[in-house]
> 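Before we start, here is the structure in question, set down as structure tokens.
Heavy atoms only: backbone and side chains are in, while hydrogens, waters and symmetry mates are out.
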Amino acid sequence: HRSALDGQSTATATAEPLDDFAISTFEITEAQWDWVMGDASNMPNNYAALPKTGVSWHQCAGFCNRLSEIMGLPDGEKCYEALPNNYYREVAEAHLRGGFRMPTLAEWDYAARAGTSTDRYWGRAERYLPKYANCRPRSFLMPIAGGLRKPNGIGLFDTLGNATEWIHDTTGLAETQPESLALRHIRGGSAWTIESGVTVKAEYTMAANLPSDRMGLRIVKCLIKQHADVGGLTVELQTSDQHGMEIEGQSSPTETLRLAISSPSSPSSSPKLGVGQFLGRFQRGASIPRTLVVKSSSSIPVMLTSVTT
């Protein structure tokens, strides 16, 4: 994958991701891109399933922000700051926000390796390469629909080959250049990459404002973590029943934390049960309305006595 579109080699990402994250199983497709960006053009079915290519880093940042908007996230959860002339810049501590973004260097490396230590996640055998990666000479310089090659150990398709993927952060890169000239990490190789360049450790950079038919993206989203000792939401409950209860802390329409608590089993125990239990840190970026639902597993009501934040 050494060409005029590639820059210098960069440092290896050895650190693990800072927080838990979800990552897309496939590279973003042409159809998904057009749906998010509002392109109503009709495309053949065999084109819609191809990875979206021909996009710059800035265009990908705009895509991520737009997807965050469509999903109902407030501006404070977006991971990219909009700049003049359709340029973007990653916000500080974007990994703590709930918006969609490109993977960091550490996240991409962690997900692509899938727990392996070899340069390719299927091992060292060259004969298996065509089963996992779409690259030269068998690619005929053409991307294919996601899922036509075997996935890595955690079920991700085409992390090597097919479309080279933009990286979110600038770890190890000089940050003195304006956004119009800034370099960004790219990883994974594409249908134009020769076999020797299709490895997790192959490291290149590219100008962020340069679209290329070889470049695509995969998206990630931060997952809310539960912390066992500090911060978050504490709930105090009392019940006169001995059958137990279930506490459900809903941090968003799609993210729910649940906890089952049993009442004392001894007949001599007090008929009332007081429970203080940490349910998780709900605050992510800007303030977002949260909902707490308390349910009893029996017919006797549960009384919520206090909520501490």
> Output the distance between atom OG (Ser139) and atom CD1 (Ile194), rounded to the nearest 0.5 Å.
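The OG atom of Ser139 sits 11.5 Å away from the CD1 atom of Ile194.
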> Tell me the closest heavy-atom pair linking Pro103 and Val220, and the distance in Å.
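Scanning both residues completely, I find the closest heavy atoms to be CB-CG1, 3.6 Å.
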> Determine the minimum heavy-atom distance between Ala163 and Gly216, stating which atoms define it.
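Result for this residue pair: CB-N, 4.2 Å.
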> Any chance you could lay out the side-chain contact (heavy atoms from CB on, under 4.5 Å) test for Glu203 and Arg187, step after step, and finish with the verdict?
CA-CA 6 Å; Glu203 303 160 343; Arg187 290 294 186 270; 3.4 Å; yes
> Would you please name every residue forming a side chain to side chain donor-acceptor pair (under 3.5 Å) with Trp108, sequence neighbours left out?
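Result, side chain to side chain donor-acceptor pair (under 3.5 Å) vs Trp108: Glu165.
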> Rounded to the nearest 0.5 Å, how far apart are CG of Asp158 and CG of Leu148?
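Between atom CG of Asp158 and atom CG of Leu148 there are 8.0 Å.
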> How close do Met102 and Ala61 get, counting heavy atoms only, and between which atoms?
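Here Met102 and Ala61 meet closest at CE-N, 3.7 Å.
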> Tell me, please, which residues at least two apart from Arg66 pass side-chain contact (heavy atoms from CB on, under 4.5 Å).
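Checked Arg66 against side-chain contact (heavy atoms from CB on, under 4.5 Å); matches are Val36, Met37, Glu69, Ile70.
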> Hey, is the main chain of Val55 close enough, under 3.5 Å, to the side chain of Trp166 for a donor-acceptor pair?
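Answer holds: yes.
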> Mind checking side chain to side chain donor-acceptor pair (under 3.5 Å) for Asn209 and listing every partner two or more places apart, or none if nothing turns up?
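In terms of side chain to side chain donor-acceptor pair (under 3.5 Å), with neighbours along the sequence ignored, Asn209 is linked to no residue.
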> Check the pair Leu67 / Gln32 against side-chain contact (heavy atoms from CB on, under 4.5 Å), numbers first and verdict last.
CA-CA 10 Å; Leu67 180 58; Gln32 290 170 333; over 6 Å; no
> When rounded to the nearest 0.5 angstrom, what is the spacing between CD1 in Ile144 and CZ in Arg138?
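Rounded to the nearest 0.5 Å, the CD1-CZ separation comes out at 12.5 Å.
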> With a 4.0 Å cut-off, would you call Lys78 and Glu90 a salt bridge?
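Looking at Glu90 together with Lys78, the answer is no, because their closest N to O distance does not fall below 4.0 Å.
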> Cluster partners of Met142, using ILVMFWY side-chain heavy atoms under 4.5 angstrom, listed by chain and number?
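Via sub-4.5 Å side-chain contacts, Met142 links to none.
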> According to a hydrophobic-cluster definition based on side-chain heavy atoms being under 4.5 Å apart (Ile, Leu, Val, Met, Phe, Trp, Tyr only), do Trp35 and Phe63 belong together?
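Yes; tracing contacts between hydrophobic side chains, which count when under 4.5 Å, links both residues.
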> Could you tell me if the side chain of Trp192 sits less than 4.5 Å from the side chain of Pro143, heavy atoms only?
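When only atoms from C-beta onward are counted, Trp192 and Pro143 do touch, with a gap below 4.5 Å.
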> Calculate, to the nearest 0.5 Å, the distance between atoms CG and OG1 belonging to Leu217 and Thr53 respectively.
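The distance works out to 10.5 Å.
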> Check for a donor-acceptor pair, side chain of Glu77 on one end and backbone N or O of Pro74 on the other, with a separation under 3.5 Å.
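Flag not set: sc Glu77 to bb Pro74 has no pair under 3.5 Å.
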> With rounding to the nearest 0.5 angstrom, report the CG to CZ distance, Leu105 to Arg184.
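Nearest 0.5 Å value for the CG-CZ distance: 12.0 Å.
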> Under 3.5 Å, is there a donor-acceptor pair between the side chain of His185 and the main chain of Thr171?
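Pair found, side chain donor or acceptor close to backbone of Thr171.
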> Which residues pass the side-chain contact (heavy atoms from CB on, under 4.5 Å) test with Ala114, sequence neighbours left out?
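Per chain and number, Ala114 pairs via side-chain contact (heavy atoms from CB on, under 4.5 Å) with Asn152, Ile154.
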> Can you sort out the partners of Arg120 under salt bridge (Lys or Arg N to Asp or Glu O under 4.0 Å), two or more places apart, ordered by chain and number?
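Partners of Arg120 by the salt bridge (Lys or Arg N to Asp or Glu O under 4.0 Å) criterion, ordered by chain and then number, come out as Glu126.
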> Tell me, please, which residues at least two apart from Asn134 pass side chain to side chain donor-acceptor pair (under 3.5 Å).
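Here the qualifying residues are Asn162.
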> Checking Arg97 side chain against Gly76 main chain: does a donor-acceptor pair fall under 3.5 Å?
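Side chain of Arg97 to backbone of Gly76, a donor-acceptor pair under 3.5 Å: yes, one is there.
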> Where the side chain of Thr205 meets the backbone of Leu183, is there a donor-acceptor pair that is under 3.5 Å apart?
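Such a contact is absent between Thr205 side chain and Leu183 backbone.
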> How far apart are the closest heavy atoms of Leu73 and Gly98, and which atoms are they?
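Minimum heavy-atom contact is CD1-O, 3.3 Å.
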> Taking all non-hydrogen atoms of both residues, which atom of Arg113 and which atom of Thr118 are closest, and how far apart?
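Answer, listing the atom of Arg113 first, then Thr118: NH1-O, 3.3 Å.
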> Applying side chain to side chain donor-acceptor pair (under 3.5 Å), can you list everything that pairs with Glu81, at least two apart in sequence or on another chain?
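Once residues adjacent in sequence are excluded, the partners of Glu81 under the side chain to side chain donor-acceptor pair (under 3.5 Å) criterion are Arg89.
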> Judged by atom type as modelled, is there a donor-acceptor pair below 3.5 Å linking the side chain of Lys221 to the main-chain atoms of Gly99?
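Between the backbone of Gly99 and the side chain of Lys221 there is no qualifying donor-acceptor contact (under 3.5 Å).
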> Ring pair (Phe, Tyr, Trp, His ring centres under 6.0 Å): which pairs involve residues 68-87, sequence neighbours left out?
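Counting only pairs at least two positions apart or across chains, the ring pair (Phe, Tyr, Trp, His ring centres under 6.0 Å) contacts touching residues 68-87 are Trp57-Tyr80, His58-Tyr87, Tyr80-His168.
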> List in chain and number order the residues that pass side-chain contact (heavy atoms from CB on, under 4.5 Å) with Asn86, two or more places apart in sequence or in another chain; answer none if no residue qualifies.
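Not a single residue meets the side-chain contact (heavy atoms from CB on, under 4.5 Å) criterion with Asn86.
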> For Tyr132, give me all partners under side-chain contact (heavy atoms from CB on, under 4.5 Å), at least two apart in sequence or on another chain.
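Per chain and number, Tyr132 pairs via side-chain contact (heavy atoms from CB on, under 4.5 Å) with Tyr121, Trp122, Tyr128, Lys150.
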> Between Arg101 and Glu107, is the salt bridge (charged side-chain N to carboxylate O under 4.0 Å, His left out) condition met? List the steps.
CA-CA 11 Å; Arg101 55 179 172 79; Glu107 288 167 345; 2.8 Å; yes
> One pair to check against side-chain contact (heavy atoms from CB on, under 4.5 Å): Ile219 and Ile23. What are the steps and the verdict?
CA-CA 6 Å; Ile219 59 173; Ile23 186 167; over 6 Å; no
> What residue among Cys222, Ser68, Cys79 forms side chain to side chain contact (heavy atoms under 4.5 Å, CB included) with Phe100?
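Answer after filtering Cys222, Ser68, Cys79: Ser68.
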> Does Arg218 reach the main-chain N or O of Ser24 with its side chain, forming a donor-acceptor pair under 3.5 Å?
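Confirmed, Arg218 side chain pairs with Ser24 backbone.
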> Enter the distance from Asp213:CG to Met215:CE here, rounded to the nearest 0.5 Å.
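Reported value, rounded in 0.5 Å steps: 11.0 Å.
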> Do Ile167 and Phe26 sit in one hydrophobic cluster, given that two such residues count as connected whenever their side-chain heavy atoms are within less than 4.5 Å of each other, even indirectly?
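No, Ile167 and Phe26 fall in different hydrophobic clusters.
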> What are the two closest non-hydrogen atoms of Gly161 and Val198, and how far apart are they?
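Result for this residue pair: N-CG1, 4.3 Å.
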> Under the rule for salt bridge (Lys or Arg N to Asp or Glu O under 4.0 Å), what residues qualify as partners of Glu93, not counting sequence neighbours?
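Testing Glu93 for salt bridge (Lys or Arg N to Asp or Glu O under 4.0 Å), a comparison that skips the adjacent residues, returns none.
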> So does Ala202 get a backbone contact from the side chain of Thr199, meaning a donor-acceptor N/O pair under 3.5 Å?
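Answer holds: yes.
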